[in-house]
Amino acid sequence: MHVTLPDGKRLDLSEQATGADAAAAIGAGLARAALAIKVDGELRDLSAPLSDGAEISIVTGRDADSLELVRHDCAHVLAAAILELYPGTRISIGPPIEDGFYYDFDFPEGVSISEHDFGAIEAKMAEHIRADEPFVRDDIDVDTALERFREEDQPYKVELIEDLMAAQGVQTVSLYTNGPFTDLCRGPHAPSTKRIKAFKLLSVAGAYWRGDAKRQMLTRIYGTAFLDKAELAAYLERLEQARARDHRKLGRELDLFLFSELSPGSPFWQPNGMAIWNALTELWRSENAGRGYREVRTPILYDVELWKQSGHWDKYRDNMYFTDVEGRQMGLKPMNCPAHIQLYKSARRSYRDLPIRYSEAGLVHRHEPSGTLHGLMRVRHITQDDAHIFCTEEQVQEEVAGCLDFGFFLYETFGFEPRLELSTRPEQRIGSDEMWDRAEAALAGALDAKGLEYEVNPGDGAFYGPKIDLHMTDSIGRSWQLGTVQLDYSMPERFDIGYTGADNADHRPVMIHRALLGSFERFIGILVEHYAGEFPLWLAPVQAIVLPVSDRFAEYGSEVAKALGTAGLRAELDARTESVGRKIRDAELRKVPYMLVVGEREAEQRAVALRRHGEGDVGTLELADAVGRLASEDHKRQ
RNA sequence: GCCGACGUAGCUCAGCUGGUAGAGCACUUCACUCGUAAUGAAGGGGUCGGGGGUUCGAGUCCCCCCGUCGGCUCCA
């Protein structure tokens, strides 16, 4: 038979030839480096027999697929080690993932694993890797497989096979054996364990069987593997650097905010953090005004009747805070929309009034479960950059497009490239299919008109309408939702709001819920990590610091600081009795964008010696020029 | 909420098998008056997250609670 290689060349092989034979036929070096083979685009074991006429390519460490392969191998080696060290453990699944792999185990009663055990587990894994144990595939019929796993008391494997049979009518399954360990597995795998050149266990965590909170909690062990040691070292180094820009760490170091046990999930903003907050608010406020939004402010505490009418009581009660006020039950708002509806209702509205756009830096409270709190990224005290647009059905697409424009303007200011998701009608929803057709088409239309790429999440929309979400990733690769644009046909109905149309008849407006930054808390968290605390001038808590060379020049220094302040800059004077070296070091550590050193020469010439954070000495400028330069940079938000 | 780990001075951390707490930085005082990343010396500072228990004796062992961290579930 023959196969075709990636360069189009034809390779003749004997009947029954395998991937390994093909690799050997091409070259001995390739045969040694081969990990797997791609047959007509599908990844297979090297030991798999080839079919006549197939297009093949040999997968080596140079291919992108190879990492996934060895990580999957490594997951099997981990399971082998665990079963030896902790007999009686039940195994579930162990896939490769982005940057590594995991395996979920159900340990015997009384056994619990922690990172302290990793040393012993890794040592056992290393034994198996050193032993160069081949991965051997065995295709068997499901009954034999079921019998085997029942005998071995591996109920999770039994369940997996039963599901495969039920869902896909599977008759045979494949098993892979490496050393003493056999696992139900689709494959493929590298030829042997020795191909894992570098690996490390990273963390241990709980994970529900099949991601279902009602089912057994398993112990998940995360690890990673690479094809050489240097890559592993580089990866660990990246993790280390990511930790250094964690907003929780920088928040403490730069005195931006703090958290207290006295109010879990609620940040206390230090003056430095508040400066960032205010700079951001200024941008947000002026842009809102320029785009036809009118800012409002509404209460945070409401009679529960409001939440019953809005539907939050039914759907969201468990996540709300309630209190009694003189015998009346009141609830803190988890969303601003019912409040904005009260504003809308304050007058009879005409089609000529629409769209009405209300914006509010609205403070909402949500009782997020304790285990989900995460610095500024997941808080209970949330300040949304909220807005609600009341418009006619015909205006929807244009308004959504306006929101997206606004959003992208904001994100571009920071050099962000958010990931977009369009979530469509869920199973449980209100409104007619025609309404959903129009709503989804309006959102998709707005996205397409802008030529934006987005992912569709079928069934993930809110019960009252579809939505577009904007996601960003934090320093350790976790994805967070920031902005959202949601169409809502339900609230207007629940609150029975209307407008008089040109036909003098009553019509129902559509509501668009829109948050672009998402929340000030989360957005600032993302900003801190994005800039690693080295904020552009316009966001920096302290924009410039004046450093007199000695006490003798403190007076001129104070004059310089005052000039900066007058120009609208956040400036400080470091009047401590310290060496210049010390003052510079401290300012550098605080990541202050500009340092203005003043001594005898500067005082005489009414000048400053300018230094840029992270770059060093810029040179001497006349005071007025220096102030002008900084003010202009601040103004341009560079 | 669930699983696991962790919680010692403002911060980062040390404290072996139980014998009434220690370092660096920060802070205060004094001296130095300094030219682009740490001047030196002295000093103050801790209910060892909270509560209960075991023990002659608990930061250290056990139990409960709170918080934080890593995940999982959730995130209108």
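Just the heavy atoms: all of them, side chains too, but no hydrogens, waters or symmetry mates, feed the values below. This one's a predicted model, so the numbers in the text were calculated from it and none came from an experiment. Order of the sequence lines fixes the chain letters, A, B, ..., with proteins taken first and strands second; residue numbering starts at 1 for each chain.
Contacts of A:Arg248 with the nucleic acid, taken as non-hydrogen atoms under 4.0 Å apart, involve only primed sugar atoms and P, OP1 or OP2.
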Between N or O atoms, less than 3.5 Å apart, protein on one side and nucleotides 25-31 of chain B on the other: list the pairs.
unit_1, atom_1, unit_2, atom_2, d
B:A26, OP1, A:Arg582, NH2, 2.2

Every protein N/O within reach of nucleotides 7-13 of chain B N/O, cut-off under 3.5 Å:
unit_1, atom_1, unit_2, atom_2, d
B:U12, OP1, A:Arg252, NE, 3.2
B:U12, OP1, A:Arg252, NH2, 3.2

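Sorted by residue number, the list of members of residues 89-107 of chain A with any non-hydrogen atom under 4.0 Å from RNA chain B is empty. For the contact set between residues 542-553 of chain A and RNA chain B, defined by any heavy atom under 4.0 Å, the members are A:Val549, A:Ser550, A:Asp551, A:Arg552. Taking a 4.0 Å limit (strictly below) on heavy-atom distances, residues 510-526 of chain A does not reach RNA chain B anywhere. Within residues 203-225 of chain A, the residues having any heavy atom under 4.0 Å from RNA chain B are, by residue number, A:Ser203, A:Val204, A:Ala205, A:Gly206, A:Ala207, A:Tyr208, A:Gly211, A:Ala213, A:Met217, A:Arg220, A:Tyr222.
Pair assignment for B:G46 gives none, since no Watson-Crick or G-U wobble pairing has each distance under 3.5 Å. In this structure B:C32 sits in no base pair that meets the Watson-Crick or G-U test at under 3.5 Å.
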(message) Could you go through A:Glu159 and A:Arg90, starting from their C-alpha distance and side-chain angles, then the distance that decides it, and tell me whether this counts as salt bridge (Lys or Arg N to Asp or Glu O under 4.0 Å)?
(response) CA-CA 12 Å; A:Glu159 185 178 326; A:Arg90 289 154 168 180; over 6 Å; no

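Remark: A:His116 is in phosphate contact with B:C6, judged by side-chain N or O atoms under 4.0 Å from OP1 or OP2.
Residue A:Thr372 has its side chain nearest to B:G1 when only B:G1, B:C34, B:U36 are considered.
For A:Phe101 and A:His72, the ring centers are positioned 6.0 Å apart or more.
At least one test fails for A:Arg419 against the ring of A:Tyr454: distance under 6.0 Å to the centre or angle within 45° of the axis.
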